[in-house]
Structure formats: structure tokens, C-alpha cells
Amino acid sequence: AFAQPVWTWPHASSTGMFSDAFTDLSDESLTGTKLLADDGVYYEYFGYSVSNDGDTMVIGAPYDDDKGVQSGSAYVFTRDTAGDLTSGWTHVAKLTADDGAASDYFGMSVSIDGDTMVIGAYYDDDKGDNSGSAYVYTRVTAGDLTSTWTQLAKLTATDGAVNDEFGYSVSIDGDTMVIGARQDDDKGTDSGSVYVFMRDTAGDLTSGWTQVAKLTAGDGAADDRFGISVSIDGDTMVIGANGDDDKGNNAGSAYVFMRATAGDITSGWTQVAKLTADDGAADDQFGISVSIDGDTVVIGAYYDDDKGGNSGSAYVFTRATPGDLASGWTQVAKLTAGDGAVNDNFGYSVSIDGDTVVIGAYGDDTDKGPEFGSTYVFMRATAGDLTSGWAQVAKLTAGDGDVGDIFGYSVSIDGGTVVIGAIWDDDKGSSSGSAYVFQLALASSCAQVSTPPRNGTDNDCVVPLAHGDTCTPVCDDGFTA
């Protein structure tokens, strides 16, 4: 295995400024642990989608051929020692759809939360050609990292139809999952929609799932592609529509929906905001990627031209009133790469956890050649302050990367662990794909992993406490330090 890099910074503070608290690693080349499919072969695109939660990650390979040409698969990796951030990762399961078939592209999208994951197969044909589906898997033994996984359910839209592409995007949080169908035609050809499913019995891993809502944009129109990206956290979700034309043709937008009754998973959903970039322009494709954590949303616009044609950008929005689901949202930052250039495609993938955002730029050209790819790390200048600005603190590249690997095609961050897909890596054959894991480690007295939060088992705090430490952790919704 490759050695893991360690990013260190002094003791975090809710009031400490970026310039005093963090080390700028932007000019350093860091090499993470590299993951490959044990049975990988050419053109599988392992790393096309990635998602991690705690000590488990799932990596999609939608061009895998196990159930037919491009039927697709997904691989599950777990940390060798639970909670040990310096530990390596082991492949524990390869998942394919029980009824998988050629050209389903199972693994196009993935999302994991705890012992449950959802995997999209956007070209499945159950409701007509390319109508799409999604599959739910649960860990056989809850909390056991060595456990196998079992397919629990196959989900399709109740009104699914030809070319809807249900499953192009997926996201799960607790007992709720959202699934995008970017080419649904309810508001015009390829206007798009999103479906919400809930677990029939909350917390029961053996329970089935039921569709409870279908969402469309209040002002949806043809070719908006509402649902090309989705992300849910608690009672709030954000949905990308990269083809929206409010700021020009394909300028893009994103929509925020909230649960009508907070905490009630049987509740309906209401659109509370439509987000566009303050400086949005034609063909920016704002909304190609979205991610939400708490009161903060990050949205990619990978064809923005600030640093040259298609150099890309990402925008940060925060809730005007923290914790108020009915509150509006305000743009607080526009992020671009410090060394951004033409065709970097910065913002094609984004992920946020706490005060940290990771942004993929798969088209970045390094001194090693074109489309090498990179990923940028940004942190909030003042931890926990929603009005704060953001600063770039690192640029990540693959230590063994090569021309055309497009490292950064997919990204995910959870609790300081970052996973990045490089789908055109050639280690197992041309475009077999790979993924890299980077670890953010706290220095000094906060370096040791604390006891888990009282009502959680994954130590999901952004700033874990060492025993006897006095710093205050910032935890995800639903966790208590």
C-alpha cells in the first residue's frame, strides 16, 4: 500500500482565523493510499462514483462486465482498524445487481450512510429503455466492518418511462434517500425530476423502502436536467439543474427543498429556494455537482470561465438563519483554483463535511501532462461561522498519476477522510480506473481519536476530542460530543 499523507494543523478553534490556524499545502504533491479493483480490467472506469462514511467506502465501476457488457458493479472497502485514521483499507465486497444486464451501468452513482448504501443503474430497462433503477444494500451484521452486504431492494419510479435515467444521481441520509431522474419529461423534454424514498420501518436494516414523493422544479422547463445531482442532509436536500437558463443558456441552477415537518420521514417536501450564481453566465453549468452539510451548500460550475474557458468554479451558499428550515440561502463565496487554467473543469465534483470542501478538477494539466487531474481542498476561514470566507489550503494530485488519468472525476469527504476517483488510470488495463484515499489528521492534543459521540458509533465529529481536551467539537446533525 502507498503511504498516507498527514495534514496537520494546530488546535482548532471556533474563533481562530485561517491565517493563524492552518498550514497552506497548496504547492505540495501528496500521495494517498491507492485502491484498485482486485479483478479490474480495461475500461471498467473504477472510481466513476465514490462515497465514504466513517470506516467504509463504496466505489462504482459502471463499465464492469460481470453481468453483461457495461452491466456495472460497485466495490466496498473498509478500514483495517476501525477508527484508526492511519490504518489501511481492504476490499471486502464486490456488489452487482441480482438482475443485472448489459448496459445497465450499475455503479454510475453511489451513496453510503452507516450500514446502508444506494447504487444507481441509470440505464436499467424495467420501465422502458434507459428508464433506470437504484438498488439498496445493507450490511448483514450491522456495524461489523468485515461483514458482507446483501441486496435488500430494487427501486424504480412508480411512473418511470423510457429514457428517464432514474438513478443518475443518488444520496442517502438515515432513513431517507433521494434519486435523480435527470431526463424525466414532466415539465418538458429532459426537464428532470427527483424521487424521495423512505425506509418502511425507521432504523430497521431489513425493512423495505417506499416512494413518498416526486419532486420537480417549480419553474421547470425542457432541458433543465433537474436531478443531475442530488444531496440530502437531515431535513434539507439540494438538487442541481445544470441546464437551467435563468442566467443564460445552460447557465444552471440548484433548488433547495425542506421536509414539511422536520424529523417526520413520512412528511412531504417543499421547495424553499432556487439558487443561481450571482455572476452566472451561459454554459457555466452551475449545478453539475452539489453537496450539503448542515447549513452550508457547495455547488459546482465546471464550465465557468474565470480562469479561462471551462476552467470552472464552485459556489458556497449558507442558510440565512442557521437551523431554520424555512430560511433563505445566501451566496457567501465563489471558489476557483489558485492556479486555475483553461479546461481544468474545476467543480465537476464537490463534497463538503463541516468546515472543509473538496473540489475535483479532472481536466487539470500538470507538469506531468494533460488531463492529469487534481483536487483542491478549501476550509472555512473561521470554523463554524457561516458568514466566513473560504481559503484554499491544499492541492492534491496522484503521486503515480499519468497523462489522462482524470484524477478528481469524483470526490467524497467524511470526517477528514477524502476519496478521489481517477477513472482513466491504467494500472489494470486502459481506463480500468483507480481511487485514492487521503487523510486529514489533527495535530497536537486533538490528534487522538476521541470516544464516539454519545448517540453515535462512527466518531462523526468534525473535530474529535482527545481525552481530557477542552476544545469543542462541531458535530454532524444528530450527533452529540
Is it true that Asn52 and Thr417 share a donor-acceptor pair across their side chains at a distance under 3.5 Å?
no
Carboxylate-amine/guanidinium contact Lys395 Asp339, below 4.0 Å
yes
Looking at Gly47 and Ser410, what are the two nearest heavy atoms and their distance?
O-OG, 2.6 Å
Over 60° means perpendicular and under 30° means parallel, so tell me whether Tyr137 and Tyr135 are parallel, tilted or perpendicular.
tilted
Could you verify whether a donor N or O on one side chain and an acceptor N or O on the other, from Ser133 and Asp126, lie under 3.5 Å apart?
no
CA sep, side-chain torsions, deciding dist, call: Phe372, Phe407, ring-ring contact (aromatic ring centres under 6.0 Å, His included)
CA-CA 6 Å; Phe372 186 90; Phe407 172 96; 7.3 Å; no
Shortest non-hydrogen contact from Asp104 toward Asp99:
OD2-O, 4.3 Å
Lys34/Asp400 salt bridge by N-O under 4.0 Å criterion
yes
Please work out whether the ring planes of Tyr168 and Tyr122 are parallel, tilted or perpendicular, with thresholds of 30° and 60°.
perpendicular
Would you please say whether a donor-acceptor pair under 3.5 Å links the side chains of Tyr105 and Tyr63?
no
If you round to the nearest 0.5 Å, how far is CG of Asp173 from CD1 of Ile112?
12.5 Å
Tell me yes or no: between the side chains of Arg259 and Thr176, is some donor less than 3.5 Å from an acceptor?
yes
For the side chain of Arg139 and the backbone of Leu205, is there at least one donor-acceptor N/O pair under 3.5 Å apart?
no
Ile179 side chain near Leu155 side chain, heavy-atom distance below 4.5 Å
yes
Should Asp38 and Lys94 count as an ion pair when the cut-off is N to O under 4.0 Å?
no
Apply ring-ring contact (aromatic ring centres under 6.0 Å, His included) to Tyr75 and Phe46, showing your working.
CA-CA 9 Å; Tyr75 295 77; Phe46 174 93; 5.3 Å; yes
Qualifying residues under side-chain hydrogen bond (donor to acceptor under 3.5 Å, both in side chains), relative to Ser374, sequence neighbours excluded:
Asp364
How long is the gap from CZ on Arg199 to CE on Met177, to the nearest 0.5 Å?
7.0 Å
Parallel, tilted or perpendicular, as decided by the 30° and 60° cut-offs, for the rings of Tyr409 and Tyr348:
tilted
Could I get the full list of ring pair (Phe, Tyr, Trp, His ring centres under 6.0 Å) partners for Phe77, not counting sequence neighbours?
His91
Closest approach of Gly354 and Trp390, non-hydrogen atoms and distance?
O-CH2, 4.4 Å
